[in-house]
Amino acid sequence: MTAAVGAAPGPATGPTGATGAQAVETAASLVQSIDWLAVAPPLVVAVLALVVLVADLFLAERHKPLLGWATVAGLVVALACLVPLLGDHRSTFCVAADGPGSVQACSYTADDFALVIQALVLVGALLTALLSLDDTRKLPAGEFWFLLLSSASGAALLPASRDLITLVVALEVASLPAFALVGIKRGDRRSSEAALKFFLSSVTATAVMLLGVSFVYAATGVTHLTELSHALDELPARFSTLAATGVALTLVGFAFKTAAAPFHFWVPDTYVGAPLPIAAYLSVVGKAVGFSGLILVTVIAFPAYADVWGPALAVLAALTMTAGNVAALRQDPGRARSAVRLLAWSSVGQAGYLLVPIAASAYSDDVHVGSTVAYALMYAVVNLGAFAVAALVARTSPGNRLTDYRNLYARRPLTALALAFFLVCLAGLPPGIIGLFAKVTVFSAAVDAGLGWLAVVMAVNVVIALAYYLRWTALLFRGADAPEDAGEGTSQAVPAVTSAGATPVAAPAPLVAALVLTTAAALVLSGAPQIVLRFADGTLF
C-alpha cells in the first residue's frame, strides 16, 4: 500500500477524500508495537505448551518423563521473567486517546496487581507440576503437560487483561484445558462424571457472562476497562437498566470460577474426581483466575454501578462462607475421599472470606482489594501444602479418608507437623500467624466499609471452621485405639485401622520438594507476615 501511494503522481484521494499521506498515517497508527518483556510470562508458558505437545509426538515412551521436567524448567523461566518487571508499570496493545483529556486505553498492563497474581499462578502451576511428576506414569504425559501449561498461560494472561474481550478469552483459555485435566483419568467413571459436571456448569456460567458483556457493550460501545468506567459514568438514563443488567450478568461467570454460592455445587465432586494435583491446581489457580477477573471488572470497569455489585457480592460472601464451612463440618471421617471433600468445602468457605474486601470496596472510597490479594497469597501457600500432604498419604491410603490420618505423627512425624501447621494457618490460629493476620485484614475491610453484619457472619464462620480444622489436627496425633472407633461400623473402621497401620512408602523427590517448599513458605510468611500483608495497604493499580 505504501509503495502504491508513493508512486502516485499527485495527491490521490480515496472514496472518503483522504490523501495518500493520510492513508499511510492511518495505516501506521493501526500497527501496534509490542512490549515483549511485558507479555513474556504468559507467552513463555504458551510457547512451552506447544513445544511439549510437538515433542510428545517424537519422544519414545521411556523418555516421556522429560516432558514433565521441561514443564518445571519452563515455569521457572516464566517466573524469572517477572523479575525485570518489578517496580515498573508497562502497557502494550494500546489505542490512541480519542480526545483531549482522555487517557490511553490498553489491552495488557503489567502493573503490581498483574505481577502479584501472575506470580501466584505460576508458582501454583509449578507446585502442581511437582506433585504430578510421579502421577503422570498412569496418565497420557504429553496431553497432561500441554493442558496444564495451556491453562496456566490463560491464567497468567487474565490479571494483565484490561479489556472485556481479552478477559473473556483469557478466562476460557484457563478453563477449557481444566475440563480435560479433570477427566484425564481414562476409564475412571468418577473422573468422567466430574469433568462433565464441571464442563456443563462452566459453559452455562460463561454463556450468562457473555450475555452480560454484550449488554454492557451495547450500552457503552467500548470494551476497554478504563473507557468503560468513564462511559458508564456518563451513560444516558435510557441505557441504565441495560447496563445494570449487563453488570450483574457479567459477575456470574467470575462468581462461578471463584466457587461462590450458589455457583459452588460443582466443587466437591470435581475435586474428588480429578487427579489430586489438579484438584490442588483448581483450588488455588482457578480461584486466582476468578478473583482477579472479578476485581478488574468491579473496581476498574464498573465503579459507577457499585450499588449493583456491592450488595450482590456482600450477600454472596455471606452465603459462600456459610455453605462451605457448614458442609465441611458435616463431613463423615470414614467416608471415602472425605479428606479431599473437606478441603473442597474448605476452599468454598475460604472463597467467602476472599469476597469480603471486594464487596467492601463498593461501600467506601478506599479500594480494599489488596486485602483479597494478601489473603489469596496466604491461602495459596497453605492450601497447596495441605494437598501435597494429601497426595503423600494417598500413596499408602488411596481412599484418602480423614480416618487415614489418625496418628499420622507416629508414621510420618514431619508430615503430620506440616499438615497441622497448614490447618492452623487456615483456621487463623497461632502459630499460623499469617492466617490470623490475613483474616484480621479481611475483617477490618468489612468493618471499615460499614458492613458490620458481614463482619459478624464472618466471625461466626471462623468459629465454625475452627471445629473441623482442629478436629483434623487432633486426629493427626491421636492413637488408633480410641474407644469410639469400635462402634463406627465394620465398613468404616476396618479401612481406617488398616491404613493407620500401613508401612509408609518412600515418597518421590518432586512430591517431597513441593511439601518442603510450601512448608518453608508458610513458616517464612508466619515469621514475616508483612511480606504479603503490605499488599493490603498498598496501591496495586
Side-chain angles (χ1 to χ4, degrees), residues 39-83 117-158 170 173-186 191 274-286 288-289 380-381 383-385 387-388 391-392 507-518 521:
V39 302
L43 183 62
V44 167
V45 180
V47 171
L48 180 62
L50 296 176
V51 170
V52 166
L53 182 64
V54 174
D56 181 56
L57 300 175
F58 300 98
L59 282 178
E61 193 65 32
R62 66 181 183 277
H63 296 313
K64 291 298 177 69
L66 293 175
L67 298 176
W69 290 109
T71 298
V72 171
L75 289 169
V76 172
V77 172
L79 276 168
C81 291
L82 295 174
V83 176
I117 301 299
Q118 284 178 341
L120 189 158
V121 166
L122 295 175
V123 169
L126 176 61
L127 291 173
T128 302
L130 290 174
L131 294 176
S132 306
L133 282 172
D134 190 60
D135 285 352
T136 51
R137 293 174 301 141
K138 304 174 184 178
L139 301 174
E143 291 92 328
F144 180 88
W145 297 118
F146 168 73
L147 291 169
L148 178 63
L149 289 167
S150 298
S151 179
S153 67
L157 171 63
L158 192 140
V173 171
S175 301
L176 292 175
F179 305 147
L181 285 170
V182 171
I184 202 168
K185 292 192 289 187
R186 296 171 180 171
S191 178
L276 205 53
I278 299 306
Y281 177 83
L282 292 175
S283 72
V284 172
V285 177
V289 168
V381 170
N383 207 61
L384 283 170
F387 269 102
L392 184 57
L511 177 54
V512 173
L515 184 54
V516 169
L517 287 172
T518 51

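Keep in mind that this is a model prediction, so the values were computed, not measured.
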**OP:** Can you run down the salt bridge (charged side-chain N to carboxylate O under 4.0 Å, His left out) pairs that involve residues 140-157, sequence neighbours left out, and say none if there aren't any?
**Re:** Glu143-Arg186

**OP:** Answer yes or no: is there a side-chain heavy-atom contact under 4.5 Å between Leu133 and Trp69?
**Re:** yes

Original post:
Looking only at heavy atoms, what is the nearest atom pair of Ala49 and Ser150, with distance?
Top reply: CB-OG, 3.8 Å

Subject >> side-chain hydrogen bond (donor to acceptor under 3.5 Å, both in side chains) partners of Ser151, counting only residues at least two apart >> reply: Tyr281

Original post:
Once you round to the nearest 0.5 Å, how far does CH2 of Trp145 lie from CG of Leu147?
Top reply: 11.5 Å

Subject >> Contacts of type side chain to side chain contact (heavy atoms under 4.5 Å, CB included), residue Val51, not counting sequence neighbours >> reply: Val47

Original post:
Do you know which two heavy atoms are closest between Gly183 and Ser191, and how far apart they sit?
Top reply: CA-OG, 3.2 Å

Original post:
Sequence neighbours excluded, which residues qualify as side chain to side chain contact (heavy atoms under 4.5 Å, CB included) partners of Leu126?
Top reply: Val72, Leu75, Val76, Leu79

**OP:** Mind listing the closest non-hydrogen atom pair of Gly124 and Leu384 along with its distance?
**Re:** CA-CD1, 3.9 Å

Subject >> Check: Pro510 and Asp134 side chains under 4.5 Å, non-hydrogen atoms >> reply: no

**OP:** Report the residues that fulfil side chain to side chain contact (heavy atoms under 4.5 Å, CB included) with Leu48, sequence neighbours left out, ordered by chain and then residue number.
**Re:** Val52, Leu149

Original post:
With sequence neighbours left out, what residues match Ser283 under side chain to side chain contact (heavy atoms under 4.5 Å, CB included)?
Top reply: Tyr271, Tyr379, Asn383, Phe387

Original post:
For Leu131, which of Leu392, Leu276, Ile278, Leu511 qualifies under side chain to side chain contact (heavy atoms under 4.5 Å, CB included)?
Top reply: Leu511

Subject >> Side chain to side chain, Leu157 and Val173, heavy atoms closer than 4.5 Å >> reply: no

**OP:** Would you list the pairs meeting salt bridge (charged side-chain N to carboxylate O under 4.0 Å, His left out) in which at least one residue belongs to residues 47-56, sequence neighbours left out?
**Re:** Asp56-Lys64

Original post:
Closest heavy-atom contact between Leu130 and Ala514?
Top reply: CB-CB, 4.1 Å

Subject >> Ser175: partners by side-chain hydrogen bond (donor to acceptor under 3.5 Å, both in side chains), with sequence neighbours left out >> reply: Lys257

Original post:
Shortest non-hydrogen contact from Leu148 to Ala125?
Top reply: CD2-O, 4.4 Å

Subject >> Side chains of Leu158 and Val121 in contact at under 4.5 Å (non-hydrogen atoms) >> reply: no

Original post:
Pairs in or reaching into residues 144-155: which pass salt bridge (charged side-chain N to carboxylate O under 4.0 Å, His left out), with residues at least two apart or in two chains?
Top reply: none

Original post:
Would a 4.5 Å heavy-atom cut-off, applied to side chains only, mark Pro140 and Ile184 as touching?
Top reply: yes

Original post:
Of all heavy-atom pairs between Ala129 and Thr71, which one has the smallest distance, and what is that distance?
Top reply: CB-CG2, 4.4 Å

